[in-house]
Amino acid sequence: MSILVYAEHDNSVLKADTLKTVAAAQKIGGDITILVVGHNCQTVAEKAAKVNGITKVVVADSAAYEHQLAENVSLLVSELAADYSVVMATALTTGKNFMPRVAALLDVAQISDIIAVESADTFVRPIYAGNAIATVQSLDAKKVITVRSTGFNPVACDGSAGITSLDNVINAGISSHVSDELTVSERPDLGVASVVISGGRGMQNGDNFKLFDGIADKLGAAIGASRAAVDAGFVPNDMQVGQTGKIVAPDLYIAVGISGAIQHLAGMKDSKVIVAINKDPEAPIFQVADYGIVADLFEALPELENAL
Amino acid sequence: MKVLVPIKRVIDYNVKVRVKSDNSNVDLANVKMAINPFCEIAVEEAVRLKEAGTATEVIVISIGDKNCQEQLRTALALGADRAIQIETDQNLDALNIAKLLQKIVEEEQPQLVILGKQSIDSDNNQTGQMLAALTGLAQGTFASEVKVEGEKVNITREVDGGLQTVSLNLPAIVTTDLRLNEPRYASLPNIMKAKRKPLEVKSAADFGIDLTARTILLKVTPPREREAGIIVESIDELVEKLKNEAKVIS
């Protein structure tokens with residue numbers, strides 16, 4: 001068995017989630033190749049070469065791949081897939097975008113968002129916003145899989161695999177990148193932070209999210225939000241935790257002013273410890289919280305910051 | 001220009017699903033069903049494009065048994081012009097859905113196909129991208145803004161780090177994210193009018209596509225339940241518990 005793992009990166013940093021996707025690949029078993037597709041992405045390739053348990057790194061570096069447009073990447077990956085029995089990517093924006101395209105080009109089904117590997121052809125994945133867990137067998141000879149990284153522990157990075165470069169550039173010529181509007185933050189990514197503090201509608205406005213700053217500084221936490229807070233315009237979309245936003249599983253998740261709709265729980269209920277701060281004692285969030293405190297968040301947050 | 005909107009009948013998003021006791025699947029008997037919320041956003045976007053004079057016709061399509069006509073009628077009441085049902089009793093994989101939709105795209109030649117980014121039942125997030133691959137068209141997934149400009153469409157996409165805008169050649173495939181728009185409610189007169197709008201039924205078997213399932217659902221189980229913990233009385237007690245009992249902060 002040979003497995004191609006697509007590296008999730010931004011041309012400079014290899015996302016830690018890729019290390020978890022490699023862990024999932026190891027559970028399937030076989031020779032693992034990491035594919036880095038981008039532009040001026042040599043540092044990513046060098047980092048990928050250190051990932052434990054892989055055979056080699058393949059780099060496709062071209063201006064056509066700078067923004068990893070699905071139209072171009074999917075043609076490249078489906079061509080490379082001829083030499084592999086499994087193609088895997090992390091179920092983050094890039095992987096979710098181009099992988100189903102690869103599957104269709106290869107005429108195979110895609111198994112999305114796996115959280116466990118039962119055998120080389122059988123996988124476990126959440127459905128219905130995580131309210132049910134499906135065990136699915138793939139009948140296709142070639143498998144296309146996206147991995148929900150919260151289901152796997154990252155592999156270590158002290159290896160030294162070889163790096164080879166590809167020179168075939170594929171440009172479908174039907175799409176182009178216009179602009180990015182990315183949130184700049186000093187804080188850790190939601191996906192990798194060991195502590196996450198999230199606010200919901202109870203925060204009342206975007207300014208009040210500043211109440212999280214001191215706490216997040218002390219805990220090294222990332223800041224998230226419920227869909228209600230994003231829809232109300234308090235904070236940008238990339239902070240949303242939930243079924244259709246980010247899926248997180250930190251050691252500590254602090255939900256503040258979040259009632260706990262099933263769509264939000266789908267994004268955080270695998271956290272190790274959940275704390276809920278809400279003034280409504282009936283809020284469903286308390287049913288999943290390890291520690292709950294019924295309090296007005298505007299009093300509780302400054303108190304928490306001082307107590308840490 | 002013509003806009004095609006594929007929609008899916010799914011469990012209503014407010015309903016809590018239950019797994020069947022034999023673990024064969026979730027129990028959908030006597031459960032309220034609705035248009036998948038992302039598909040509803042797709043219908044709304046298409047109707048707005050028509051109201052803005054950009055689109056000339058909005059066609060909705062659903063693949064499933066007769067029951068999905070209910071969701072097609074809802075979409076017609078929201079402003080779609082006509083509907084197509086592809087009749088099948090099979091529960092099809094996303095790839096087979098995309099293959100059927102490809103045939104309709106070839107027949108209807110829409111300039112835009114707008115789909116929901118994922119259905120809230122299978123949570124696959126595949127059909128739009130697969131349809132784009134099969135038709136060889138460009139894709140703008142997870143869209144929060146759609147702007148048609150001449151022969152191209154600019155799509156602002158919700159990505160992990162924020163927003164990204166791409167420019168696509170038309171025809172193109174778009175999948176909707178939550179913040180693209182807020183769908184309207186169907187008015188009573190429009191619900192009545194929708195009953196007289198054309199709804200064409202085609203049989204999935206007539207397309208000559210091999211619709212054999214590529215995956216087998218072996219079992220469905222309930223998720224590991226989290227047990228409710230304790231209510232603490234003060235922030236000091238909370239911090240003490242997090243330090244000494246849960247040991248997640250130091």
Side-chain angles (χ1 to χ4, degrees), chain A residues 70-71 74 92-93 96-97 100-101 103-105 108-110 112-113 122 126-140 174-183 219 227 236-238 244 251-252 262 269 272-273 275 286-294 300 303-304 307-308, chain B residues 11 16-17 19 26 93-95 98 118 120-126 129-130 132-134 137-139 141-142 144 154 158-169 177-179 213-223 226 228-232 235-236 238-239 241-242 246 248-249:
Chain A
E71 295 78 9
S74 59
L92 290 171
T93 316
K96 285 197 267 193
N97 190 33
R101 223 174 150 113
L105 291 171
V108 303
Q110 171 175 300
S112 293
D113 262 300
T122 303
I127 53 176
Y128 293 89
N131 287 296
I133 305 296
T135 304
V136 183
Q137 185 181 12
S138 162
L139 302 178
D140 289 307
I174 51 177
S175 60
S176 59
H177 177 265
V178 176
S179 61
D180 282 328
E181 208 178 299
L182 301 181
T183 311
L219 295 175
R227 178 186 167 187
N237 66 285
D238 52 289
T244 65
D251 291 338
L252 173 60
I262 54 171
K269 70 181 174 182
K272 198 167 143 215
V273 174
V275 170
F286 287 120
Q287 287 162 24
V288 300
D290 299 282
Y291 303 106
I293 180 159
V294 181
E303 224 183 298
L304 177 59
L308 288 171
Chain B
I11 189 169
K16 178 143 171 53
V17 297
V19 172
V26 300
D93 289 333
L95 180 63
Q118 74 191 66
I120 60 165
D121 50 2
S122 56
D123 279 335
N124 270 322
N125 194 335
Q126 298 175 356
Q129 296 91 317
M130 286 180 161
L134 296 175
L137 298 178
Q139 67 183 51
T141 53
F142 327 143
S144 66
N154 271 14
E158 299 204 0
V159 296
D160 283 337
L163 298 171
Q164 176 190 61
T165 303
V166 291
S167 168
L168 314 176
N169 289 4
D177 216 317
L178 289 169
R179 279 162 287 274
R214 308 302 191 87
T215 55
I216 304 174
L217 185 60
L218 296 177
K219 66 172 179 189
V220 175
T221 53
R226 268 195 101 93
I230 56 164
I231 295 289
V232 296
I235 288 290
D236 286 339
L238 173 67
V239 172
K241 296 270 188 206
L242 291 177
V248 285
I249 61 174

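Reminder, nothing fancy here: chain letters follow the sequence lines and each chain counts from 1.
- The choice from B/A98, B/A228, B/S122, B/P223 that makes the most heavy-atom pairs within less than 4.5 Å of chain A is B/P223.
- With respect to B/R214 and B/D93, no salt bridge is recorded, no charged nitrogen being found less than 4.0 Å from a carboxylate O.
- When each of A/D180, A/D113, A/L219 is scored by its heavy-atom pairs under 4.5 Å with chain B, the top score falls to A/D180.
- Proximity to chain A (any heavy atom under 4.5 Å) is shown, for B/V232, by both the backbone and the side chain.
- Residue contact with chain A, scored on non-hydrogen atoms closer than 4.5 Å, involves the backbone and the side chain of B/I216 alike.
- Listed options B/T215, B/I120, B/T165 were ranked by heavy-atom pairs under 4.5 angstrom with chain A; first place goes to B/T165.
- For the set B/I249, B/I231, B/L242, the entry with the most heavy-atom pairs within less than 4.5 Å of chain A is B/I231.
- In this structure, A/E71 contributes its side chain and B/Q139 its backbone to a donor-acceptor pair below 3.5 Å.
- Between the CD atom in B/Q126 and the OG1 atom in B/T141 there is a gap of 13.0 Å [rounded to 0.5 Å].
- The parts of A/A134 that come within reach of chain B are both its backbone and its side chain, each placing non-hydrogen atoms under 4.5 angstrom from that chain.
- To the nearest 0.5 angstrom, A/S112 atom OG is 9.0 Å from B/D123 atom CG.
- Proximity to chain B (any heavy atom under 4.5 Å) is shown, for A/S179, by both the backbone and the side chain.
- Counting only distance, with no hydrogens or angles, the side chain of A/T93 and the backbone of B/D160 share a donor-acceptor pair below 3.5 Å.
- Interface remark: of the candidates B/L217, B/L95, B/V166, B/L163, B/L163 forms the most heavy-atom pairs closer than 4.5 Å to chain A.
- Looking at B/Q118, only its side chain comes within 4.5 Å of chain A, counting heavy atoms on both sides.
- Annotation: maximal heavy-atom pairing with chain B below 4.5 Å, among A/L304, A/N237, A/T122, occurs at A/N237.
- With chain B as partner, the option from A/Q110, A/K272, A/Q287, A/K269 having the largest number of non-hydrogen pairs under 4.5 angstrom is A/Q110.
- Heavy-atom distances place no part of B/A94 under 4.5 Å from chain A, backbone and side chain included.
- Contacts of B/A246 with chain A are made by both backbone and side-chain atoms, with heavy-atom separations under 4.5 Å.
- Between chain B and the options A/I127, A/D251, A/L182, A/T135, heavy-atom pairs under 4.5 Å are most frequent for A/T135.
- Residue contact with chain A, scored on non-hydrogen atoms closer than 4.5 Å, involves the side chain of B/I11 exclusively.
- Of the two parts of A/I133, the backbone and the side chain both hold a non-hydrogen atom closer than 4.5 Å to a non-hydrogen atom of chain B.
- Note: A/I293 leads A/V136, A/V273, A/I293, A/V294 in heavy-atom pairs under 4.5 Å with chain B.
- At a threshold of 4.0 Å, the pair A/D290-B/K241 does not count as salt-bridged, since none of the basic side-chain nitrogens sits closer than that to a carboxylate oxygen.
- Contact tally against chain A (heavy-atom pairs below 4.5 Å) for B/L218, B/N125, B/D121: the top residue is B/D121.
- To the nearest 0.5 Å, atoms CZ (B/F142) and CD (B/Q164) are separated by 10.5 Å.
- Comparing A/D238, A/L252, A/I174, A/T244 by heavy-atom pairs within less than 4.5 Å of chain B, the highest count is held by A/I174.
- Contacts of B/V159 with chain A are made by both backbone and side-chain atoms, with heavy-atom separations under 4.5 Å.
- With hydrogens and angles disregarded, a donor-acceptor distance shorter than 3.5 Å links the side chain of B/Q129 to the backbone of A/K96.
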